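Every value quoted in this text rests on a predicted model; they were computed, and no experiment measured them. Letters A, B, ... are given to chains in the order of the sequence lines, protein chains preceding strands, and every chain is numbered from 1.
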Amino acid sequence: MFIKENMKKKVMVGLSGGVDSAVAASLLKDQGYEVVGVTMCLGVAPSPGGKTKCCGPEEIEDARRVCRTIGIRHYILDFARELEEEIIGPFVRDYRLGITPNPCVACNAQIKFGALLEKALAMGFDFLATGHYAGIVETDSGLALAKAWDKRKDQTYFLYAIPQKALPNVLFPLSDLTKEEVRKIAADKNLPVSNKPESQDICFIPADGISSFMKGRSNHEPGHIVDINGNTIGRHRGIASYTIGQRTGLGISSPMPLYVISIDAEKNRIIAGERKYLLAVGLVADTLNMFTEIPAEKVSGKIRYGHRPAACSAEITGGYLHVSFEKPQEAITPGQSIVLYDGEKLIGGGIIRFATRRVEELPGPHQEKSIISN
RNA sequence: AGGGGGUUCGUUCAACGGCAGGACGCUGGCCUUUGAAGCCAUGAAUGUAGGUUCGAUUCCUACACCCCCUG
(Lines give C-alpha, C1' and ligand atoms only; values in the text may rest on other atoms or scores of the structure.)
Protein backbone atom coordinates (compact mmCIF):
# COMPACT_ATOMS: atom_id res chain seq x y z
CA MET A 1 0.00 0.00 0.00
CA PHE A 2 2.96 2.29 0.44
CA ILE A 3 5.86 2.65 -1.88
CA LYS A 4 6.47 -0.87 -3.15
CA GLU A 5 10.17 -0.27 -3.71
CA ASN A 6 10.72 0.32 -0.06
CA MET A 7 9.36 -3.09 0.83
CA LYS A 8 12.65 -4.61 -0.15
CA LYS A 9 14.89 -1.92 1.28
CA LYS A 10 16.46 -2.60 4.62
CA VAL A 11 17.22 0.30 6.92
CA MET A 12 19.23 0.32 10.08
CA VAL A 13 18.11 3.11 12.39
CA GLY A 14 20.45 4.36 15.04
CA LEU A 15 18.42 4.73 18.21
CA SER A 16 19.79 6.91 20.95
CA GLY A 17 16.91 6.36 23.31
CA GLY A 18 15.51 9.82 22.61
CA VAL A 19 12.42 11.06 20.82
CA ASP A 20 13.97 12.03 17.53
CA SER A 21 15.45 8.71 16.57
CA ALA A 22 12.34 6.91 17.79
CA VAL A 23 10.16 8.95 15.46
CA ALA A 24 12.62 8.45 12.63
CA ALA A 25 12.35 4.70 13.04
CA SER A 26 8.60 4.83 13.24
CA LEU A 27 8.29 6.93 10.10
CA LEU A 28 10.50 4.60 8.11
CA LYS A 29 8.43 1.64 9.20
CA ASP A 30 5.31 3.47 8.02
CA GLN A 31 6.97 4.15 4.70
CA GLY A 32 7.36 0.46 4.10
CA TYR A 33 11.01 -0.08 4.79
CA GLU A 34 12.22 -3.11 6.60
CA VAL A 35 13.51 -1.43 9.74
CA VAL A 36 15.84 -2.61 12.44
CA GLY A 37 16.78 -0.48 15.41
CA VAL A 38 20.35 -0.36 16.60
CA THR A 39 21.72 1.21 19.71
CA MET A 40 25.42 1.68 20.07
CA CYS A 41 26.95 0.54 23.28
CA LEU A 42 29.85 2.88 23.80
CA GLY A 43 31.18 1.28 26.94
CA VAL A 44 30.69 4.41 28.93
CA ALA A 45 30.49 3.46 32.55
CA PRO A 46 27.98 5.42 34.57
CA SER A 47 29.81 7.62 37.02
CA PRO A 48 29.28 7.10 40.72
CA GLY A 49 27.84 10.57 41.17
CA GLY A 50 25.47 10.80 38.24
CA LYS A 51 24.16 8.75 35.39
CA THR A 52 25.47 8.81 31.91
CA LYS A 53 23.36 10.92 29.68
CA CYS A 54 23.19 8.69 26.66
CA CYS A 55 24.55 5.31 25.72
CA GLY A 56 23.79 4.24 29.26
CA PRO A 57 21.57 1.40 30.44
CA GLU A 58 18.47 3.59 30.71
CA GLU A 59 18.91 4.78 27.17
CA ILE A 60 19.31 1.28 25.86
CA GLU A 61 16.21 0.24 27.72
CA ASP A 62 14.26 3.18 26.29
CA ALA A 63 15.39 2.26 22.80
CA ARG A 64 14.28 -1.30 23.39
CA ARG A 65 10.83 -0.17 24.52
CA VAL A 66 10.52 2.05 21.46
CA CYS A 67 11.28 -0.89 19.19
CA ARG A 68 8.74 -3.02 20.99
CA THR A 69 6.12 -0.32 20.51
CA ILE A 70 6.90 0.14 16.83
CA GLY A 71 7.26 -3.54 16.25
CA ILE A 72 10.79 -3.78 14.96
CA ARG A 73 13.83 -5.72 16.05
CA HIS A 74 16.47 -4.12 18.21
CA TYR A 75 20.18 -4.81 18.25
CA ILE A 76 22.95 -3.47 20.38
CA LEU A 77 26.30 -3.03 18.74
CA ASP A 78 29.49 -2.49 20.67
CA PHE A 79 31.60 0.46 19.61
CA ALA A 80 33.41 1.01 22.85
CA ARG A 81 36.84 0.42 21.38
CA GLU A 82 36.26 2.74 18.42
CA LEU A 83 34.93 5.46 20.69
CA GLU A 84 37.90 5.20 22.98
CA GLU A 85 40.49 5.16 20.23
CA GLU A 86 39.03 7.52 17.68
CA ILE A 87 37.11 9.99 19.77
CA ILE A 88 38.09 10.06 23.42
CA GLY A 89 41.83 9.74 22.78
CA PRO A 90 42.00 12.73 20.43
CA PHE A 91 39.58 14.61 22.66
CA VAL A 92 41.90 14.32 25.63
CA ARG A 93 44.92 15.12 23.50
CA ASP A 94 43.28 18.28 22.17
CA TYR A 95 42.61 19.56 25.62
CA ARG A 96 46.21 19.04 26.58
CA LEU A 97 47.12 21.22 23.63
CA GLY A 98 44.82 23.94 24.87
CA ILE A 99 42.27 23.65 22.09
CA THR A 100 38.57 22.90 22.37
CA PRO A 101 37.55 19.82 20.43
CA ASN A 102 34.05 18.99 19.27
CA PRO A 103 33.81 15.24 19.73
CA CYS A 104 30.30 15.08 18.30
CA VAL A 105 31.62 16.14 14.92
CA ALA A 106 34.25 13.44 15.00
CA CYS A 107 31.82 10.86 16.30
CA ASN A 108 29.35 11.45 13.49
CA ALA A 109 32.06 11.24 10.87
CA GLN A 110 33.98 8.31 12.24
CA ILE A 111 31.63 6.28 14.38
CA LYS A 112 28.03 6.79 13.30
CA PHE A 113 28.55 7.43 9.61
CA GLY A 114 31.87 5.64 9.59
CA ALA A 115 32.15 2.42 11.53
CA LEU A 116 28.43 1.94 12.12
CA LEU A 117 27.50 2.60 8.50
CA GLU A 118 30.18 0.21 7.34
CA LYS A 119 28.82 -2.41 9.64
CA ALA A 120 25.28 -1.80 8.43
CA LEU A 121 26.29 -2.25 4.81
CA ALA A 122 28.26 -5.35 5.70
CA MET A 123 25.19 -6.76 7.39
CA GLY A 124 23.19 -6.30 4.21
CA PHE A 125 21.36 -3.07 5.00
CA ASP A 126 20.73 -0.58 2.24
CA PHE A 127 20.61 2.47 4.46
CA LEU A 128 21.59 3.85 7.79
CA ALA A 129 19.12 6.35 9.22
CA THR A 130 19.27 8.59 12.26
CA GLY A 131 17.08 11.13 13.98
CA HIS A 132 19.27 14.06 13.00
CA TYR A 133 17.62 17.23 11.76
CA ALA A 134 19.40 17.48 8.43
CA GLY A 135 18.67 17.14 4.76
CA ILE A 136 20.40 15.65 1.76
CA VAL A 137 20.19 17.30 -1.64
CA GLU A 138 21.45 16.61 -5.14
CA THR A 139 24.07 19.07 -6.40
CA ASP A 140 26.30 19.35 -9.44
CA SER A 141 29.02 17.69 -7.45
CA GLY A 142 26.88 14.89 -6.11
CA LEU A 143 24.88 14.52 -2.94
CA ALA A 144 25.41 17.10 -0.25
CA LEU A 145 24.05 17.94 3.14
CA ALA A 146 21.49 20.70 3.47
CA LYS A 147 19.90 22.43 6.39
CA ALA A 148 16.84 20.86 7.92
CA TRP A 149 13.42 22.42 7.45
CA ASP A 150 13.39 23.33 11.13
CA LYS A 151 16.17 25.89 11.20
CA ARG A 152 16.06 26.06 14.95
CA LYS A 153 16.97 22.40 15.25
CA ASP A 154 19.25 22.07 12.26
CA GLN A 155 22.14 19.76 13.12
CA THR A 156 24.18 19.88 9.96
CA TYR A 157 26.92 21.62 11.90
CA PHE A 158 27.62 18.34 13.63
CA LEU A 159 27.40 16.38 10.41
CA TYR A 160 29.58 18.33 7.99
CA ALA A 161 32.50 15.95 8.39
CA ILE A 162 30.75 12.81 7.25
CA PRO A 163 32.20 11.54 4.00
CA GLN A 164 30.29 12.41 0.86
CA LYS A 165 30.48 8.83 -0.29
CA ALA A 166 28.39 7.83 2.71
CA LEU A 167 25.42 9.96 1.70
CA PRO A 168 23.83 7.59 -0.85
CA ASN A 169 23.30 5.18 2.00
CA VAL A 170 22.06 7.68 4.57
CA LEU A 171 18.50 8.69 5.42
CA PHE A 172 17.38 11.56 7.62
CA PRO A 173 13.64 11.00 8.01
CA LEU A 174 13.19 14.14 10.11
CA SER A 175 14.60 16.51 7.51
CA ASP A 176 11.26 18.17 6.74
CA LEU A 177 9.72 18.11 10.19
CA THR A 178 9.74 20.57 13.02
CA LYS A 179 10.52 19.53 16.53
CA GLU A 180 6.90 20.14 17.48
CA GLU A 181 5.72 17.84 14.74
CA VAL A 182 8.12 15.18 15.87
CA ARG A 183 6.88 15.44 19.43
CA LYS A 184 3.32 15.19 18.20
CA ILE A 185 4.05 12.12 16.10
CA ALA A 186 5.72 10.52 19.09
CA ALA A 187 2.69 11.24 21.23
CA ASP A 188 0.20 10.08 18.58
CA LYS A 189 2.07 6.82 18.22
CA ASN A 190 2.37 6.40 21.95
CA LEU A 191 6.11 6.10 21.78
CA PRO A 192 7.33 5.72 25.34
CA VAL A 193 9.87 8.53 25.00
CA SER A 194 7.53 11.21 23.66
CA ASN A 195 8.00 13.46 26.65
CA LYS A 196 11.67 12.93 27.22
CA PRO A 197 13.57 16.17 27.82
CA GLU A 198 15.88 17.65 25.21
CA SER A 199 19.52 18.26 25.49
CA GLN A 200 22.32 15.84 25.82
CA ASP A 201 25.81 16.82 26.61
CA ILE A 202 28.85 15.04 25.32
CA CYS A 203 27.79 11.43 25.77
CA PHE A 204 30.96 10.14 27.35
CA ILE A 205 31.28 12.96 29.84
CA PRO A 206 29.64 11.93 33.09
CA ALA A 207 27.25 14.20 34.90
CA ASP A 208 29.87 15.54 37.26
CA GLY A 209 31.59 17.35 34.44
CA ILE A 210 34.58 17.50 32.25
CA SER A 211 37.05 18.45 34.93
CA SER A 212 36.67 15.19 36.78
CA PHE A 213 36.71 13.31 33.51
CA MET A 214 40.02 14.85 32.56
CA LYS A 215 41.53 14.32 35.96
CA GLY A 216 42.36 10.70 35.41
CA ARG A 217 43.33 11.17 31.80
CA SER A 218 45.36 14.30 31.56
CA ASN A 219 47.61 16.59 33.50
CA HIS A 220 45.20 18.85 35.20
CA GLU A 221 47.52 21.43 36.68
CA PRO A 222 46.19 24.69 38.06
CA GLY A 223 47.92 27.78 36.74
CA HIS A 224 47.71 31.51 36.32
CA ILE A 225 45.10 33.61 34.66
CA VAL A 226 46.73 36.68 33.18
CA ASP A 227 45.38 39.81 31.56
CA ILE A 228 46.34 40.81 28.04
CA ASN A 229 49.44 42.50 29.32
CA GLY A 230 50.61 39.42 31.11
CA ASN A 231 49.79 40.48 34.66
CA THR A 232 48.53 37.69 36.84
CA ILE A 233 44.94 38.36 37.85
CA GLY A 234 43.78 34.97 39.06
CA ARG A 235 44.22 31.24 39.02
CA HIS A 236 42.65 28.56 36.85
CA ARG A 237 41.78 24.98 37.70
CA GLY A 238 43.51 23.43 34.73
CA ILE A 239 43.34 24.43 31.11
CA ALA A 240 40.84 21.73 30.23
CA SER A 241 38.17 23.54 32.20
CA TYR A 242 38.12 26.49 29.82
CA THR A 243 37.30 27.39 26.28
CA ILE A 244 37.75 30.60 24.37
CA GLY A 245 34.88 33.01 24.87
CA GLN A 246 34.00 31.52 28.21
CA ARG A 247 32.92 33.95 30.88
CA THR A 248 31.68 31.78 33.70
CA GLY A 249 34.19 30.22 36.00
CA LEU A 250 37.01 32.73 35.91
CA GLY A 251 36.10 33.91 39.39
CA ILE A 252 37.66 37.32 38.85
CA SER A 253 35.68 40.43 39.60
CA SER A 254 36.44 43.47 37.51
CA PRO A 255 34.58 46.52 36.29
CA MET A 256 33.62 44.68 33.12
CA PRO A 257 32.97 40.97 32.64
CA LEU A 258 36.05 39.03 31.64
CA TYR A 259 36.24 36.32 29.01
CA VAL A 260 38.80 33.72 28.09
CA ILE A 261 40.64 35.34 25.20
CA SER A 262 43.28 32.75 24.65
CA ILE A 263 44.69 29.55 26.12
CA ASP A 264 48.43 29.14 26.37
CA ALA A 265 49.03 25.43 26.91
CA GLU A 266 52.82 25.75 26.88
CA LYS A 267 52.84 28.12 29.81
CA ASN A 268 49.75 26.54 31.30
CA ARG A 269 47.95 29.81 31.52
CA ILE A 270 44.72 31.44 30.51
CA ILE A 271 44.61 34.92 29.04
CA ALA A 272 41.47 36.80 30.04
CA GLY A 273 40.17 40.15 28.92
CA GLU A 274 37.18 42.21 27.97
CA ARG A 275 34.68 41.07 25.41
CA LYS A 276 36.02 43.19 22.57
CA TYR A 277 39.21 41.16 22.52
CA LEU A 278 37.25 38.11 21.40
CA LEU A 279 36.72 39.62 17.99
CA ALA A 280 38.62 38.33 14.99
CA VAL A 281 38.08 38.84 11.29
CA GLY A 282 38.98 35.44 9.96
CA LEU A 283 40.38 32.01 10.48
CA VAL A 284 42.40 29.20 9.00
CA ALA A 285 41.14 25.63 9.12
CA ASP A 286 42.38 22.21 8.11
CA THR A 287 41.04 18.63 8.18
CA LEU A 288 38.62 19.71 5.50
CA ASN A 289 35.58 17.88 4.24
CA MET A 290 34.05 19.56 1.22
CA PHE A 291 30.89 18.59 -0.60
CA THR A 292 30.87 21.26 -3.28
CA GLU A 293 33.07 23.98 -4.69
CA ILE A 294 33.14 27.21 -2.75
CA PRO A 295 31.12 29.79 -4.68
CA ALA A 296 32.91 33.01 -5.56
CA GLU A 297 30.22 35.16 -4.04
CA LYS A 298 29.62 35.51 -0.34
CA VAL A 299 28.77 32.47 1.67
CA SER A 300 27.98 32.10 5.33
CA GLY A 301 30.13 30.49 7.94
CA LYS A 302 29.26 28.97 11.27
CA ILE A 303 31.98 29.08 13.88
CA ARG A 304 30.41 27.07 16.61
CA TYR A 305 27.23 25.20 17.29
CA GLY A 306 24.71 27.82 18.32
CA HIS A 307 26.54 30.52 16.41
CA ARG A 308 24.49 32.44 13.88
CA PRO A 309 26.13 31.92 10.50
CA ALA A 310 27.89 35.08 9.38
CA ALA A 311 28.63 36.41 5.91
CA CYS A 312 32.15 35.62 4.76
CA SER A 313 34.31 34.71 1.84
CA ALA A 314 36.42 31.59 1.73
CA GLU A 315 39.08 29.91 -0.32
CA ILE A 316 41.25 26.87 -0.10
CA THR A 317 44.95 27.27 -0.63
CA GLY A 318 47.60 24.70 0.08
CA GLY A 319 45.08 22.43 1.73
CA TYR A 320 44.03 25.09 4.20
CA LEU A 321 40.69 26.79 4.28
CA HIS A 322 40.98 30.56 4.70
CA VAL A 323 37.86 32.34 5.79
CA SER A 324 37.37 36.05 6.21
CA PHE A 325 34.23 37.46 7.69
CA GLU A 326 32.47 40.63 6.65
CA LYS A 327 32.24 41.61 10.29
CA PRO A 328 34.54 40.41 13.05
CA GLN A 329 33.26 37.39 14.95
CA GLU A 330 33.54 36.58 18.62
CA ALA A 331 35.44 33.66 20.06
CA ILE A 332 36.76 31.89 17.01
CA THR A 333 38.10 28.83 18.76
CA PRO A 334 40.78 26.40 17.63
CA GLY A 335 39.45 22.86 17.66
CA GLN A 336 35.91 23.90 16.92
CA SER A 337 34.65 23.58 13.37
CA ILE A 338 33.95 26.14 10.70
CA VAL A 339 31.07 25.04 8.50
CA LEU A 340 30.28 26.91 5.29
CA TYR A 341 26.82 27.23 3.81
CA ASP A 342 25.56 28.45 0.48
CA GLY A 343 22.01 29.27 1.46
CA GLU A 344 20.54 25.98 2.59
CA LYS A 345 23.30 23.91 1.11
CA LEU A 346 26.27 22.82 3.17
CA ILE A 347 29.44 23.48 1.22
CA GLY A 348 31.85 21.85 3.61
CA GLY A 349 33.95 22.67 6.60
CA GLY A 350 37.02 22.00 8.63
CA ILE A 351 38.62 22.31 11.99
CA ILE A 352 39.73 25.77 13.04
CA ARG A 353 43.46 26.03 13.68
CA PHE A 354 43.70 29.70 14.50
CA ALA A 355 41.87 32.97 14.26
CA THR A 356 43.30 35.81 12.21
CA ARG A 357 43.18 39.41 13.32
CA ARG A 358 44.03 42.74 11.84
CA VAL A 359 47.14 44.18 13.34
CA GLU A 360 45.28 47.09 14.88
CA GLU A 361 43.00 44.64 16.67
CA LEU A 362 45.80 43.03 18.58
CA PRO A 363 45.13 43.51 22.24
CA GLY A 364 48.33 43.67 24.23
CA PRO A 365 51.76 45.05 23.55
CA HIS A 366 53.53 41.73 23.76
CA GLN A 367 50.91 39.01 23.68
CA GLU A 368 50.49 39.01 19.93
CA LYS A 369 52.12 35.71 19.33
CA SER A 370 50.23 33.62 21.80
CA ILE A 371 46.96 35.26 21.00
CA ILE A 372 47.31 34.95 17.26
CA SER A 373 48.40 31.37 17.39
CA ASN A 374 45.54 30.49 19.63
C1' A B 1 58.01 56.65 66.15
C1' G B 2 55.43 61.25 64.12
C1' G B 3 51.77 63.29 60.40
C1' G B 4 47.75 62.29 57.00
C1' G B 5 43.96 59.10 54.62
C1' G B 6 40.85 54.90 55.03
C1' U B 7 37.43 50.53 56.97
C1' U B 8 30.00 49.08 53.44
C1' C B 9 27.82 42.06 50.09
C1' G B 10 33.14 37.31 48.04
C1' U B 11 35.59 41.78 45.11
C1' U B 12 34.86 46.89 43.74
C1' C B 13 32.18 51.35 44.02
C1' A B 14 27.55 54.14 45.80
C1' A B 15 23.98 55.97 49.62
C1' C B 16 21.45 65.69 51.71
C1' G B 17 21.11 62.15 59.41
C1' G B 18 15.38 58.84 57.16
C1' C B 19 13.75 51.22 54.23
C1' A B 20 21.89 50.33 52.64
C1' G B 21 22.05 50.39 45.88
C1' G B 22 24.94 49.06 41.40
C1' A B 23 28.87 46.50 38.84
C1' C B 24 31.85 42.13 38.69
C1' G B 25 32.07 37.18 40.96
C1' C B 26 29.26 33.07 43.01
C1' U B 27 24.57 30.16 42.86
C1' G B 28 19.89 28.68 40.28
C1' G B 29 16.80 28.70 35.83
C1' C B 30 15.89 29.29 30.36
C1' C B 31 18.35 28.15 25.84
C1' U B 32 21.36 23.94 23.63
C1' U B 33 23.19 16.55 20.90
C1' U B 34 30.62 20.28 22.62
C1' G B 35 31.90 23.00 29.72
C1' A B 36 30.47 28.51 25.33
C1' A B 37 27.86 33.18 24.81
C1' G B 38 23.23 35.40 25.75
C1' C B 39 18.70 36.06 28.69
C1' C B 40 16.06 35.74 33.57
C1' A B 41 16.38 35.22 38.82
C1' U B 42 18.00 34.38 44.05
C1' G B 43 21.29 35.06 47.86
C1' A B 44 24.89 38.05 50.27
C1' A B 45 27.67 43.80 53.70
C1' U B 46 27.98 48.99 57.22
C1' G B 47 35.41 46.52 61.78
C1' U B 48 34.71 46.75 67.58
C1' A B 49 32.92 49.62 71.99
C1' G B 50 30.59 53.88 73.56
C1' G B 51 28.24 58.94 72.74
C1' U B 52 24.83 62.83 70.28
C1' U B 53 19.82 62.13 67.95
C1' C B 54 12.86 60.56 67.38
C1' G B 55 16.25 58.10 64.01
C1' A B 56 23.53 57.03 62.67
C1' U B 57 26.64 53.80 57.00
C1' U B 58 26.57 59.15 57.65
C1' C B 59 28.18 63.43 63.30
C1' C B 60 31.62 62.80 67.99
C1' U B 61 35.20 59.69 71.19
C1' A B 62 38.23 55.43 72.01
C1' C B 63 40.20 50.82 70.21
C1' A B 64 41.64 47.39 66.21
C1' C B 65 43.29 46.81 61.31
C1' C B 66 44.95 48.82 56.32
C1' C B 67 47.38 52.56 53.08
C1' C B 68 50.55 56.96 52.11
C1' C B 69 54.35 60.61 53.64
C1' U B 70 58.53 61.71 57.17
C1' G B 71 63.33 59.45 60.49
Rounding to a whole Å, what distance do you find between [X]:[atom1] and [N]:[atom2]?
X      : N     : atom1 : atom2 : answer
A:I303 : B:U34 : CD1   : C1'   : 15 Å
A:I239 : B:A36 : CD1   : P     : 19 Å
A:D150 : B:U32 : CG    : P     : 10 Å
A:Q336 : B:A37 : CD    : P     : 13 Å
A:Y305 : B:U32 : OH    : P     : 8 Å
A:Q329 : B:A36 : CD    : C1'   : 15 Å
A:Y160 : B:U34 : OH    : C1'   : 12 Å
A:R304 : B:G38 : CZ    : P     : 12 Å

Mind checking the [atom1] distance from [N] to [M]? Whole angstroms is fine.
N     : M     : atom1 : answer
B:A23 : B:A14 : P     : 16 Å
B:A44 : B:U12 : C1'   : 15 Å
B:G21 : B:G5  : P     : 30 Å
B:A45 : B:C39 : P     : 27 Å
B:C60 : B:G22 : C1'   : 31 Å
B:A41 : B:U34 : P     : 26 Å
B:C24 : B:A37 : P     : 14 Å
B:U8  : B:U57 : P     : 15 Å

Hey, is the main chain of [Y] close enough, under 3.5 Å, to the side chain of [X] for a donor-acceptor pair?
X      : Y      : value
A:T287 : A:G350 : no
A:R357 : A:Y277 : yes
A:Q164 : A:L143 : yes

Lys/Arg cation over aromatic A:Y33: A:K10, 6.0 Å, 45° cone:
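Checked: cation-pi criterion not met.
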Does A:Y133 put a side-chain nitrogen or oxygen below 4.0 Å from OP1 or OP2 of B:U32?
no
Under 4.0 Å between a side-chain N/O of A:K112 and OP1 or OP2 of B:U33, yes or no?
no
Counting primed atoms, P, OP1 and OP2 as sugar-phosphate and everything else as base, the B/S/- map of nucleotides 22-28 of chain B against protein heavy atoms under 4.0 Å is -SBSS--
Qualifying salt bridge (charged side-chain N to carboxylate O under 4.0 Å, His left out) pairs, either residue in residues 247-263 of chain A, two or more places apart
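Residue pairs with at least one partner in residues 247-263 of chain A: there are none.
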Pick base, sugar-phosphate or nothing for [X], based on heavy-atom distances below 4.0 Å to the nucleic acid.
X      : result
A:H132 : base
A:Y242 : base
A:Q246 : sugar-phosphate

Closest nucleotide among B:G38, B:U34, B:C31 to the A:R152 side chain
B:C31
Any heavy-atom pair between the side chains of A:N169 and A:L128 that's under 4.5 Å?
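SC-SC contact between A:L128 and A:N169 ruled out.
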Partner lookup for B:A64, please. Criteria are Watson-Crick or G-U wobble with both distances under 3.5 angstrom; report none if nothing qualifies.
B:U7
Pick the nucleotide of RNA chain B nearest each of A:G131 and A:R275; which residue has the one closer to the 5' end?
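This one resolves to A:G131.
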Strictly below 4.0 Å, N to O, side chains only: are A:K151 and A:E344 in salt-bridge contact?
yes
Flag the pair A:R353 and A:D286 as a salt bridge only when some basic side-chain nitrogen lies within less than 4.0 angstrom of an acidic carboxylate oxygen.
yes
Heavy-atom closest contact (A:I233 atom, A:A272 atom, distance):
CD1-CB, 4.4 Å
